[in-house]
Structures are given as C-alpha cells and as structure tokens.
Amino acid sequence: MKKITILMLTFISISFFQVNAQDTCATAQGITAGTYTVSTIDGTQIPLPVCSSNGTGASNGEWYSYTSTINVNVTVTTDLQVNICKDTRIQVYTGSCDALVCITGDDDSGVIQCTTNNNTSYLSVANFTAMAGVTYYIAFDDKWSDSGFDFDLIESEYEEPVVPRISFTNTNIALTGTFKECTVDMNNDFLDDIVGISQDFVHIFYQNPEGGFTTNQVIPTTSAQFMPSWSTAAGDIDKDGYNDLLYGGGQGVTFMKSINNGTGFVQMSTSEYVFSQRSNFVDINNDGHLDAFVCHDVAPNVFYLNDGEGNLSFNQGGIGNYPSGGHYGSLWVDYDNDGDIDMFIAKCGGEIARRTNQLFRNDGNGVFTEVGAEAGLADPIQTWSSAWADYDNDGDMDVLVGSYVTNEAHKLMRNNGDGTFTDVTVGSGWNLNTAVGTEYITYDFDNDGFADVLGSGGIVMFGNGDLTFTPFTVSGLWVGPVGDFNNDGFLDIQAGNTLKINDANDNNWVKLNFRGIQSNGNGIGARVEIYGAWGKQIRDVRSGEGFAYMSSLNVHFGIGQATAIDQIIVRWPSGIVDTIDNPSINEALLVVEGETLSVNNNAFSSFKVYPNPAKDIVTLQSSNNSEVVSAEIFDLNGRKVFETPVVNETISIQSLATGTYILLAKDSQGTPSTHKLIKQ
C-alpha cells in the first residue's frame with residue numbers, strides 16, 4: 001500500500017493527513033483540492049483509452065477520483081518545481097470504470113525546464129470543467145517513468161459559458177481538383193453543389209434534397225487554357241438552366257460552358273492577356289443575357305458581351321481605365337436604388353491614383369460614370385474586396401471597405417440615400433478590428449435579420465442592425481464559398497475539403513431561388529425586398545463576392561423570431577416586379593420572372609389571355625388601346641420555347657408539350673408584359 005500526503009489549504013492553517021492511493025479505477029481514492037505525493041507508479045490498471053498524445057505503451061497506473069458539489073474549473077498539474085527533470089503523463093475520464101470516456105489529457109505542456117535535457121519540460125498540465133455531482137477519474141501512467149512526483153489539484157471559479165451566436169461543425173468531403181473555390185447549383189435543382197476545378201476536368205459533388213453530399217461526378221473537359229488561379233465566377237450565359245463557369249487566371253480568362261443538361265462542358269477561351277483578379281457574371285448592358293466582367297491587375301478592366309446565344313466577345317476599358325490597373329475587387333450593386341446595377345472596385349497597390357477606390361454609376365444607357373469622389377468613396381485604402389449590405393435596414397446599401405495592410409484601418413460607410421456616403425467607422429466596432437486580409441463577405445449567418453461580415457482572422461462581425469458590429473472569433477474559420485450545404489436555411493462555409501456546417505439556432509428564415517425570363521436566367525442584378533415586423537430588408541442577387549470565391553446564387557434572409565413575412569418583392573433587371581404576399585417561411589421559394597403578374601409600370605400593364613388553360617389557339621387581348629404584336633413563350637427553366645407574331649390577337653400553341661409556361665407579349669412600342677400560360 002502506498003502513502004500520499006494531502007495538503008489542505010486554508011487561509012489560517014495547513015493540515016496533513018494520510019489517505020490510501022489505489023491501483024485501479026474501481027478503487028480510486030477520492031480527493032479534493034490540494035497537493036498530493038505519488039510515491040511510485042505501480043498500479044495494476046493501465047489508464048486507457050489514452051486521452052493525451054504519444055499513444056499507448058504504459059505498463060502501470062495510479063488512479064484518483066474527484067467529485068465537486070458545484071460547477072468548478074479544475075487544473076491538475078505536475079508542473080511544480082519539486083518535480084524538475086521528471087517526466088509525467090495524465091489522463092482524465094468520466095463514465096464508469098468499465099466504460100471510461102476521455103475528457104482531457106496531457107503529456108508535455110509544462111513550462112518548468114530541465115537543464116539536463118535540452119531545457120525541455122516533460123511535466124503535465126490538464127484543465128477541465130467539473131460539473132456538479134459528476135465523478136471524474138484522474139490517472140497517471142508510466143509511459144515514460146514510474147518515478148514518484150507531486151501534483152496539485154486546483155479549483156477556480158466557474159463562469160457560465162457565453163452561448164456563441166454562431167458555431168460550426170466540420171464535415172469532410174473527398175473533393176478533388178486544384179481549385180476548390182466554387183459553391184453553386186450545377187444540376188438545375190437550386191441546391192448548392194460543391195465544385196472542384198482542374199486542368200482537364202470539373203469535379204462536382206451534388207447536394208441531396210435532404211442535405212449532404214453522396215453523389216459526385218467527374219466531368220472531363222478540354223485542357224483549360226487558363227486556370228482560376230485568382231477567382232471563379234458562375235452563371236447561366238445561354239439560359240439553358242445550367243450554370244457555366246469562368247476561370248480568372250493570371251494570364252487570361254477561360255469560360256467553361258455547360259452542355260447536355262450540365263453533364264459536359266465546352267471551352268470558350270479567348271487569347272487576350274488578362275491578369276485576372278475578381279471576376280463576375282452580370283448583365284452589363286441589361287439586354288437579358290449575362291455578360292462577364294474581369295478586373296485587370298495591370299491594365300484597364302475587361303468585359304465580355306453576350307450576343308444572346310451564349311457567345312462572348314472581348315471588350316476592354318470604360319469601366320475602370322487606370323492604365324496600370326490596380327483593379328482588385330469588383331462588386332456589382334445598385335447603390336442608388338434606381339433599378340440598374342452599378343459597380344464598386346476595391347483597389348490596391350502602387351501610387352495613390354492607382355490604389356484609389358472607384359464607384360461606377362450605371363446611367364442606364366450602357367454608359368458607366370465614375371463618381372467615387374462625388375459619393376465619398378474615393379479612398380486610397382489598400383483593399384482587395386468590399387462587403388455591401390443594408391447594415392441598418394433602411395432600404396439602401398452601405399459598404400464595409402476592408403483593409404489589406406496593418407497600417408490602414410477598415411472603413412464603414414453609411415449610404416445617405418442621395419448618392420453619397422458618410423464615414424461611420426468610429427464607434428461601429430470596425431475601428432477596433434485590427435485583423436486584415438483579402439476577403440470580406442456579408443451574409444446573415446445567425447438569421448437574426450441583420451447582415452454580418454466575415455473577414456480575416458476567423459472573425460465574424462455580427463451586425464446589430466444599427467451600423468454597429470459585435471466581433472466573435474470562430475476557431476478554424478476563414479472566408480470561403482458560402483452556401484446552404486444541408487438545406488436547413490442556415491448558411492455554411494466551404495474550406496477546401498472541409499464543410500463548416502452552421503449549427504443553426506431557432507431563428508426563422510426564407511430562401512429565394514430565381515428563374516429569369518426576360519432578364520438573365522439567374523436573376524443576377526435583381527433587387528429583393530422583404531417586409532414584416534422588422535420593417536424592410538434588401539438583397540441584390542450577385543455572382544462573385546469577396547475577392548476569389550463563388551458563392552450561392554440563392555438569396556437568404558433571416559427574420560429572427562418573427563413568425564411571418566408580410567410581403568416579398570423582386571425587382572428584376574428587366575423592370576418587371578414580382579410581388580408575393582404572405583409567403584411561407586422556413587422554406588425555399590422559387591420566383592419565376594413575371595409569374596405573379598405584377599409587371600413594370602407602363603401603359604401596357606396587362607392583357608387578357610384566354611382560354612387558359614388552352615389546347616391550341618390562345619387569344620391575347622390588350623386591356624387598353626395598345627395592340628399585342630408579338631409573343632415569346634418560355635419554359636420554367638427560363639428557356640425560350642418559341643417566338644411568334646400575334647395575328648388577329650391570336651397565337652397557336654399546338655406544338656407545345658403539356659405544362660406551364662411564361663408568356664411574354666409586346667405591344668407595337670416594344671413594351672413587354674407577362675402572363676402564366678398553361679398548355680393542356
């Protein structure tokens with residue numbers, strides 16, 4: 001039988017008495033706070049499982065038990081001067097002796113150094129929170145030595161942990177590919193898939209309807225002329241319902257156009273030299289077809305105009321013309337609420353003129369005017385990206401300009417609603433955030449109805465709805481593609497082959513999917529508004545946020561504890577407005593352009609369609625003096641089925657398959673109006 005000495009610590013006296021140290025878990029000696037002496041490690045039960053490092057290999061153990069009547073923080077340590085040059089290892093368990101569960105363990109975390117072994121400490125320190133009434137087993141083994149030693153058990157005050165506003169659980173996937181920076185629907189089911197890109201293939205993990213990923217497909221491609229070494233973008237350039245890819249490389253741009261219902265790709269690379277930075281798909285000239293925009297690092301920016309058939313033509317200049325570039329992070333946003341999409345460029349590097357941020361106002365006629373100085377956004381901040389959202393829910397887009405260098409501060413700018421911005425950084429929380437980097441993105445990660453910002457250092461700046469932010473650091477978190485990977489309405493983050501799955505909370509939400517008809521198929525550039533007890537929230541549909549990554553094309557809104565949404569309004573780039581009254585919550589809603597029949601405000605605002613449903617001949621009768629002269633019919637994927645003139649107010653739909661369609665009619669002035677059409 002071994003002897004140990006217990007030091008009972010009080011403020012006025014020290015007492016010593018002896019207790020028995022036992023050799024197995026079942027006969028472990030109960031202990032409390034104090035200092036203990038272990039004469040030697042020769043107990044018959046080896047502590048298993050091993051909770052610390054360096055695996056198995058022990059022959060004996062010494063066992064103690066500890067139970068507290070209150071919640072308390074506990075430290076068990078051999079890192080004492082009396083133990084200098086000794087080597088210990090500790091394990092801590094709960095459970096029963098025949099089914100022990102690891103709580104913690106330690107081998108070499110001590111700091112007291114031994115001059116005879118290269119100034120290294122091999123002593124041990126284990127920390128854990130002991131919950132009231134739970135028995136914890138503390139065991140030492142002789143993996144390294146059976147020599148005796150002293151240890152302390154120290155109690156400290158327990159504080160209830162702060163419940164984090166957000167947390168993530170890691171899930172690993174076997175995604176291959178050199179570049180893993182794209183999260184977007186690739187099979188036309190509106191669920192966020194995971195995309196990996198290599199020189200000769202596109203690797204896609206398809207999301208299951210119930211969430212999660214079990215089906216993956218490796219799609220061969222011709223050898224990509226340029227790889228996405230700087231950025232990736234996605235969008236449907238030919239309105240076939242399947243998203244195409246843009247690779248932004250250091251030497252040029254590659255387009256991979258999906259074919260055969262998303263099961264293949266055809267390359268559409270161009271030969272022009274482009275040192276790509278941020279890339280986007282966006283309808284620059286608002287003709288209903290997606291174009292592509294690419295920031296050029298060393299020359300004026302470039303863009304590719306769509307001919308309406310998915311063919312893209314190269315253009316340079318007009319939207320960022322600085323001769324030596326410095327163009328890093330383009331973000332397309334309707335900052336002035338005039339219904340057309342504008343663009344902000346975060347700039348970096350070189351002389352002040354080269355690195356001064358720019359804001360391009362869309363004048364609605366294919367012309368973009370640089371108004372950065374006029375708006376108050378012409379800052380020479382070294383930045384690679386900006387995060388635009390309505391941070392105070394007043395109906396217009398504010399901006400966080402994120403710094404890339406430690407000697408320049410972030411800048412939070414409030415939209416004044418008149419085309420100008422005011423610096424509100426001081427007091428916002430951003431003036432205290434010193435973490436810097438290349439990526440700043442904004443989403444409502446906790447679904448409380450206020451936009452948050454994820455930036456460098458794993459810091460989520462939680463929006464409070466009043467242009468102030470509360471920082472929260474999430475261990476192991478960094479910016480990556482954002483999507484809903486388990487289809488639960490809470491946004492998750494991809495980090496290479498690890499999916500950071502949002503642990504969610506009890507806040508409510510709505511998720512919107514889009515099918516453009518007259519506008520581009522993804523609805524990129526649309527303004528989305530939701531109304532309820534909170535007032536108003538807005539989002540823009542975007543392809544390409546932050547600097548490098550491509551995130552979901554679906555739009556998410558959190559609504560906190562509200563249990564209803566009064567109204568959703570979608571203002572499409574075409575000018576068509578869809579209104580959904582009293583929509584369901586906590587589910588995804590598909591919005592098809594024109595389906596709600598709330599169209600743009602003009603004289604040709606509606607027309608009669610009869611019979612509807614119909615088998616053959618349909619009459620289109622205008623409700624005013626305008627004459628319906630042409631009709632286009634689209635399926636619900638946004639694909640045009642056919643186009644026909646209207647003769648004597650009628651068209652034939654005999655060739656249509658049974659189903660539901662969108663009818664787009666135009667009067668003699670070219671003014672459009674839409675209607676749902678059902679073919680029997």
Side-chain angles (χ1 to χ4, degrees), residues 236 238-241 283 285-290 306-310 339-340 364-366 514-523 525-527 568-581 590-680:
D236 183 4
D238 55 359
K239 283 190 172 182
D240 67 349
D283 188 355
N285 55 5
N286 202 24
D287 64 352
H289 306 287
L290 279 184
N306 192 330
D307 67 357
E309 300 296 329
D340 51 37
N365 55 1
F514 303 95
R515 184 67 72 201
I517 304 300
Q518 184 176 343
S519 302
N520 67 86
N522 304 105
R527 168 62 58 86
I568 296 176
I569 296 176
V570 179
R571 302 183 188 277
W572 297 85
S574 65
I576 291 173
V577 178
D578 278 299
T579 301
I580 305 169
D581 293 321
L590 174 60
V591 184
V592 178
E593 184 176 13
E595 193 172 53
T596 66
L597 310 184
S598 178
V599 298
N600 49 317
N601 295 321
N602 52 60
F604 185 51
S605 59
S606 63
F607 58 94
K608 295 180 181 179
V609 177
Y610 60 91
N612 192 9
K615 292 183 178 180
D616 188 1
I617 302 299
V618 176
T619 297
L620 311 180
Q621 184 178 37
S622 175
S623 59
N624 52 39
N625 294 328
S626 298
E627 179 185 5
V628 183
V629 297
S630 67
E632 297 173 81
I633 295 180
F634 300 82
D635 64 19
L636 295 187
N637 289 328
R639 181 167 23 196
K640 185 188 294 186
V641 178
F642 72 83
E643 182 175 359
T644 181
V646 177
V647 179
N648 296 325
E649 296 188 331
T650 63
I651 61 172
S652 171
I653 62 169
Q654 187 175 15
S655 62
L656 287 182
T658 300
T660 300
Y661 299 88
I662 299 297
L663 170 64
L664 171 66
K666 294 182 181 179
D667 68 4
S668 56
Q669 304 302 313
T671 309
S673 189
T674 58
H675 218 293
K676 182 190 295 184
L677 176 64
I678 301 174
K679 167 63 187 296
Q680 291 182 324

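All values reported here derive from a predicted model rather than from experimental measurement. Throughout, numbering of the chain's residues begins at 1 and tracks the sequence.
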Heavy atoms of R515 and G241 approach each other most closely as NH1-CA, 3.9 Å
Just jot down the side chain to side chain donor-acceptor pair (under 3.5 Å) partners of N285, sequence neighbours excluded, or say none. none
Set of side chain to side chain donor-acceptor pair (under 3.5 Å) partners for D581, sequence neighbours left out: Q567
Among all residues two or more places apart in sequence or in another chain, which pass the side chain to side chain contact (heavy atoms under 4.5 Å, CB included) test with A631? L620, T644, V646, I651, L663
Once you round to the nearest 0.5 Å, how far does CG of L290 lie from CG of D238? 10.0 Å
Donor-acceptor pair, side chain of D616 and main chain of S652, under 3.5 angstrom: no
Minimum heavy-atom distance W572-G523, with the two atoms named: CZ3-CA, 3.7 Å
Return the set of residues passing side chain to side chain donor-acceptor pair (under 3.5 Å) with N648 (not counting sequence neighbours), or none when no residue passes. none
Please confirm whether the backbone N or O of I517 pairs with a side-chain atom of K239, one donor and one acceptor, at under 3.5 Å? yes
What pairs meet the salt bridge (Lys or Arg N to Asp or Glu O under 4.0 Å) rule with one or both residues in residues 641-650, with sequence neighbours excluded? K640-E643
Residue pair D635 / Y661: nearest heavy atoms and the distance that separates them: CA-CD2, 3.9 Å
Can you name the residues that form a side chain to side chain donor-acceptor pair (under 3.5 Å) with N522, not counting sequence neighbours? N243
Residues N520, D236; criterion side chain to side chain contact (heavy atoms under 4.5 Å, CB included); working and verdict: CA-CA 8 Å; N520 67 86; D236 183 4; over 6 Å; no
For the pair E309 and H289, evaluate side chain to side chain contact (heavy atoms under 4.5 Å, CB included) and give the outcome as yes or no after the intermediate values. CA-CA 9 Å; E309 300 296 329; H289 306 287; over 6 Å; no
Would you compute the distance between atom OH of Y610 and atom OG1 of T650 and round it to the nearest 0.5 angstrom? 10.0 Å
Taking the side chain as everything from C-beta on, heavy atoms only, tell me whether V618 gets closer than 4.5 Å to N612. no
Criterion side-chain contact (heavy atoms from CB on, under 4.5 Å) against E593, the qualifying member of I576, L664, V570: I576
To the nearest 0.5 Å, atom OG of S655 lies from atom NZ of K679 at 7.0 Å
Yes or no on side chain to side chain contact (heavy atoms under 4.5 Å, CB included) for F514 and D578, after CA distance, side-chain angles and deciding distance? CA-CA 11 Å; F514 303 95; D578 278 299; over 6 Å; no
Heavy-atom pair with the smallest gap, counting every atom of S574 and N286: N-OD1, 4.3 Å
